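Working notes, beginning with the structure itself.
The structure displayed is predicted, hence computed values, not measured ones. Each chain gets a letter, A, B and so on, in the order the sequences are listed, and its residues count up from 1.
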2 protein chains.
Amino acid sequence: MKSLHRYDLYGWSSFNKERNIDFNSIAWIRPNGNILIDPLSLSSHDYEHLNSLGGVRWIVITNSDHVRAAKEIAHVTGAQIAAPAAEQSHFPIECDRWLCDHEELVPGLRAIELHGSKTPGELALLLEQTTLITGDLVRAHKAGSLMILPNDKLSNREQAVASVQRLAQLSDIEAVLVGDGWSVFRDGGLALKELVATL
Amino acid sequence: MKSLHRYDLYGWSSFNKERNIDFNSIAWIRPNGNILIDPLSLSSHDYEHLNSLGGVRWIVITNSDHVRAAKEIAHVTGAQIAAPAAEQSHFPIECDRWLCDHEELVPGLRAIELHGSKTPGELALLLEQTTLITGDLVRAHKAGSLMILPNDKLSNREQAVASVQRLAQLSDIEAVLVGDGWSVFRDGGLALKELVATL
């Protein structure tokens, strides 16, 4: 896995040929149990790396299109899975916890429910006030700037824009880690405001 | 290939297990012939993508440790190869042009000779004043901030620091694209100044 902007955050990626972007996953290394977000399959090298850092306690899935390898990794590691409360009735895999707006999975990792995206209640995650993690709605196909899903993917554009505006109002965001495309590691809050200005 | 911060720049990467970082290559798409920098092997998908954008006219190698797949790609595409003038006498592959300080390979792509790195005259490349491309000396193992090679890799630390100071004095740098690790796509000039402050 690759070190991200903090030494307790790691990432791994897989290139997607259809969109010519990387899909990304995150590991937050914590004394009380590590957390993976939207995990893709791990190579044996990355799996060993993760194990050397303490394995996995929780897997968070931001939306039902980002299940990826969560079930397999949970099976192998014994991790529990958390997913969006608004998808509870139809989520494709079994989960242990359903997260809704403002809820903290563990201290320092707070769920933010987004609306109008392609699935109900897609989660963004705010990690210790300064790192925002997004699944699908906020993404980046061009390095250094953020975008949102195209209109034909949104269930309600007005709600989606309002959700992104809410993210842009968060203070102290340094980094925006996206599930799809290029994460922004400097001036994340500014990148969110620039995004809102384009909507 | 992935779109970088400009629509005429693309990149592709390969994860390096020894260092837990990505190695990166760049393609600059130009009406007068595309240029690859420190090219790694291309997947068939990326190779088709590159061909659809006009193939390759030039390959630039920043230093003899970054030859990577240059020879094979030149053989297949007919591209010419440019490399550091200071390595001309011992360069591991045949080249068509030797670049020294201030020299432009094509309009808008200027070579900057660095000193004190692990090879003589390692090249950085300044692309249209705003994008700096580095090979080995300036790199990023932690996302969002730059670093230099460790002391035991440098032939002369004082000269290496002076070379990085010179890069940090370039005005108008938006992005710093590194051969090894995390490129900086926002505030590249500031990231260079921050780097210098740590040396």
Roughly how far, to the nearest 0.5 Å, is the NE2 atom of B:H5 from the CH2 atom of A:W182?
->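 So the gap between those two atoms works out to 10.5 Å.
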Counting only heavy atoms closer than 4.5 Å, note whether [X] contacts chain A via side chain, backbone, both or neither.
{"X": "B:H45", "value": "side chain"}
{"X": "B:L9", "value": "neither"}
{"X": "B:F15", "value": "side chain"}
{"X": "B:A191", "value": "both"}

Using a cut-off of under 4.5 Å on heavy-atom pairs, state which of A:K17, A:H49, A:H141 scores highest against chain B.
-> A:K17
With a 4.5 angstrom heavy-atom cut-off, which part of A:N16 approaches chain B: side chain, backbone, both or neither?
-> neither
For a side-chain contact (heavy atoms from CB on, under 4.5 Å) with B:I61, tell me which candidate from B:I37, B:L99, B:I93 qualifies.
->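 In the set B:I37, B:L99, B:I93, the residue that makes a side-chain contact (heavy atoms from CB on, under 4.5 Å) with B:I61 is B:I93.
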Parallel, tilted or perpendicular: ring planes of A:H66 versus A:F23, cut at 30 and 60 degrees =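 Judged by the thresholds at 30° and 60°, the geometry between A:H66 and A:F23 is tilted.
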For B:D65, which of B:K118, B:R139, B:K153 qualifies under salt bridge (Lys or Arg N to Asp or Glu O under 4.0 Å)?
->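 By the salt bridge (Lys or Arg N to Asp or Glu O under 4.0 Å) criterion, B:D65 pairs with just one of B:K118, B:R139, B:K153: B:K118.
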Give a yes or no on whether the backbone of B:L40 and the side-chain of B:W12 come within a donor-acceptor separation of less than 3.5 Å.
->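 Yes; at least one donor-acceptor contact below 3.5 Å.
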Would you call A:R186 and B:E194 a salt bridge, taking side-chain N to carboxylate O under 4.0 Å as the test?
-> yes
Do you know which of B:V184, B:N20, B:D46 has the most heavy-atom pairs under 4.5 Å to chain A?
->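 Result: the option with the highest number of such pairs is B:N20.
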